[in-house]
Amino acid sequence: MKLRAVKGTNDRLPADQPRWHHVIDAAARVLGRAGVQEITTPVFEFAEVFERSVGEAADLVVQKEMYTFDDRGGRRLTLRPEFTAGVLRAFVEHGMHTWPSPVKLWSHGPAFRAENVQRGRYRQFHQVNLEIVGTAAPVADAEAIALFADVLRALGLRGVRVALGSVGDPDDRAAYNAYLRGALEPHAEELSETSRERLRLNPMRVLDAKDPGDRALVAPLKRPLDFLNPASRAHFDAVAACLDAWGVPYDVDPGIVRGLDYYRRTAFEIHAEGIGAQSALGGGGRYDGLVAQLGGPDVPGIGWAFGIERVLDALAQAEVALPAAERPLLFLVPMDDEAVAEAAGIARGLRAHARVEHAYVRRAPGKGLRDADRSGARFAGLLGARERADGVVLLKDLASGSERRLPLGQLPDWILAETSLAPATTDTESTASDAV
RNA sequence: GUGGAUGUAGCUCAGCAGGUUAGAGCACCGGAUUGUGGUUCCGGGGGUCGCGGGUUCAAAUCCCGUCAUCCACCCCA
């Protein structure tokens, strides 16, 4: 059998790395300046961590999509299908409720779901995640949403839509679910099988139905936002007021619902167009009560996550320019056997200041210059018998073709001068013209 | 789990009313060029035509099955 990557998993090749780092770096910068600290939790946890977080209504649909297995010690483990449960487990385990409140944590890394693959949906995918734990203040909700928008803007992504809604408090949800049952059960025969099942397990999710008949039945009905108690309503209004005041654009979506039980009040999603059926870049919401559900103190929290693959897809679709790979400043070419180790040694000595590469075998100047050219280097440094006799390197500017013989001892200063003139990370076109 | 499309070189694809030795472009290696790159020219390596079976004198080509990939349904934390 030919070896291949497992279905739904992907290699991230060298050419993919700059744009990937572009996303992580933007998140680190934007979130870091807001005082959000990075946390890294394990890729797998005891299955119970996720099972406890998920709730009853969702366990049927959700657990079958989790990668759960027994290890050799008989422990039942699950590859994380999301970040929140693991981060909150760490919050509890390390007593973070005693830290200055609120505790703001972000993470990034892979997550796993045993779903069928399509565009924007993979079995191993990657997320950037934010949690703000320890405050129920609506300003925290607004800040979380604003930070989400800020990260996307820092990436250069425009034209995404923030949809803001509220699923209310538990009693609001209970009231709304009862209302939906009352309204829809008389028409149960007309509903799709899926929606009938949802009506039984988690009625609000009938709002997510795609079946035209279901949608027609649901269209005239009230939305979760219409069922908020005064406190929930005030919370929602306060969040919206903050976003208005800060100039963060959003659309109110009264019909946003959640598949998981732990969400309270604020729920939001961000969608992008042109990236296929899986248009949600990410979403989040408030989860007061979840920390307690995981065995910790009863502290409130709010969080979000976005899918890195989907954001990159959206960036590509929007034709946003992304950083190119770093190119070498200098490529050293040994032109006789004696120069091979010499070139490698010189390169080592210069790497404190710049990216310097070299050929690993003796190269004729023609081949060596071709190697240098293909490496993307701005300069080639030829080393042969004549150079050795004079203690110099023959430096060639690959863009202009001009050459000079530079004493080896002056290479470090030359490197410093060059690196101060042009940053090491620029795209190909601009560097080619700058390099003259 | 369901449906559609697609599987030919590392990549993008042509070839497919069955017919000799399976092609192109790009990429890679070498030469023209034993001290000067990019351009150009010449040459080369690289293929179980996804896999299995069937039809046929003959299958990359037709038929059946199977696997994989993509897109969509489903599901969505």
Side-chain angles (χ1 to χ4, degrees), chain A residues 1-2 4-10 13 15 49-51 53-55 57-66 78-88 111-123 125 127 129 192-195 197-198 201-202 205 208-211 257-263 267 269 275-280 282-285 287 290 303-307 310 331 333-336 339 359 362-387 394-403 405 428 432:
Chain A
M1 167 181 157
K2 193 174 179 182
R4 52 181 307 121
V6 174
K7 184 189 189 77
T9 69
N10 296 103
L13 299 175
V49 170
F50 302 109
E51 289 166 355
S53 75
V54 146
D59 62 354
L60 293 176
V61 286
V62 161
Q63 286 195 25
K64 71 177 182 193
E65 312 240 302
M66 297 201 302
T78 297
L79 299 180
R80 65 180 174 208
E82 54 142 353
F83 280 66
T84 302
V87 171
L88 295 182
F112 306 84
R113 296 180 193 175
E115 299 181 287
N116 241 338
V117 172
Q118 70 186 79
R119 182 174 181 182
R121 198 169 71 182
Y122 309 99
R123 291 183 175 176
F125 59 102
Q127 290 189 328
N129 182 264
S192 67
E193 193 178 334
T194 307
S195 288
E197 184 71 1
R198 284 173 172 174
L201 290 171
N202 188 4
R205 291 225 53 244
D208 283 342
K210 289 179 183 170
D211 180 90
V257 298
R258 287 282 109 112
L260 296 192
D261 290 349
Y262 60 63
Y263 284 103
E269 296 170 0
I275 59 171
Q278 305 299 316
S279 67
Y287 45 73
L290 178 57
W304 52 249
F306 67 77
R310 289 186 189 179
F331 188 99
V333 178
M335 294 190 291
D336 58 27
R362 170 173 51 83
R363 293 300 255 170
K367 288 286 187 291
L369 285 167
R370 193 179 64 181
D371 292 347
D373 196 50
R374 288 180 184 179
S375 79
R378 290 171 50 209
F379 293 89
L382 304 185
L383 292 161
R386 298 178 198 168
E387 288 72 26
L394 180 60
L395 267 186
K396 177 159 187 159
D397 182 323
L398 289 167
S400 70
S402 66
E403 293 180 3
R405 293 165 70 78
T428 309

Just jot down the side chain to side chain contact (heavy atoms under 4.5 Å, CB included) partners of [X], sequence neighbours excluded, or say none.
{"X": "Asn116(A)", "value": "Lys7(A), Arg121(A), Arg123(A)"}
{"X": "Arg405(A)", "value": "Glu387(A), Asp390(A), Val392(A), Leu394(A)"}
{"X": "Ala85(A)", "value": "Val49(A), Phe50(A), Ser53(A), Glu82(A)"}
{"X": "Glu269(A)", "value": "Ile256(A), Arg258(A), His271(A)"}

Test of understanding: with side-chain hydrogen bond (donor to acceptor under 3.5 Å, both in side chains), list the residues that count as partners of [X], not counting sequence neighbours.
{"X": "Ser375(A)", "value": "none"}
{"X": "Arg362(A)", "value": "Asp337(A)"}
{"X": "Tyr263(A)", "value": "none"}

(message) Please convert RNA chain B into dot-bracket. A pair counts if it is Watson-Crick or G-U wobble with both distances under 3.5 Å; crossing pairs go in [ ] and bases paired with another strand get |.
(response) (((((((..((((.....[...)))).(((((.......))))).....(((((..]....))))))))))))....
Protein-nucleic acid N or O pairs under 3.5 Å, nucleotides 67-72 of chain B:
| residue | atom | partner | partner atom | Å |
| --- | --- | --- | --- | --- |
| A68(B) | O2' | Arg4(A) | NH2 | 3.3 |
| U69(B) | OP2 | Lys7(A) | NZ | 2.7 |
| C71(B) | OP2 | Arg119(A) | N | 2.9 |
| A72(B) | OP1 | Ala277(A) | N | 2.8 |
| A72(B) | OP2 | Gln118(A) | NE2 | 3.2 |
| A72(B) | OP2 | Arg119(A) | N | 3.4 |

Between N or O atoms, less than 3.5 Å apart, protein on one side and nucleotides 4-12 of chain B on the other: list the pairs.
none

Under-3.5 Å N/O pairs linking protein and nucleotides 39-49 of chain B:
none

(request) Flag the pair Arg370(A) and Asp373(A) as a salt bridge only when some basic side-chain nitrogen lies within less than 4.0 angstrom of an acidic carboxylate oxygen. (result) no
(message) Any N or O donor-acceptor pair under 3.5 Å from the base of C76(B) to the side chain of Arg113(A)?
(response) no
(request) Can you check each nucleotide of nucleotides 29-37 of chain B against protein heavy atoms at under 4.0 Å and return B for base, S for sugar-phosphate only, - for none, in 5' to 3' order? (result) SSS---BBB
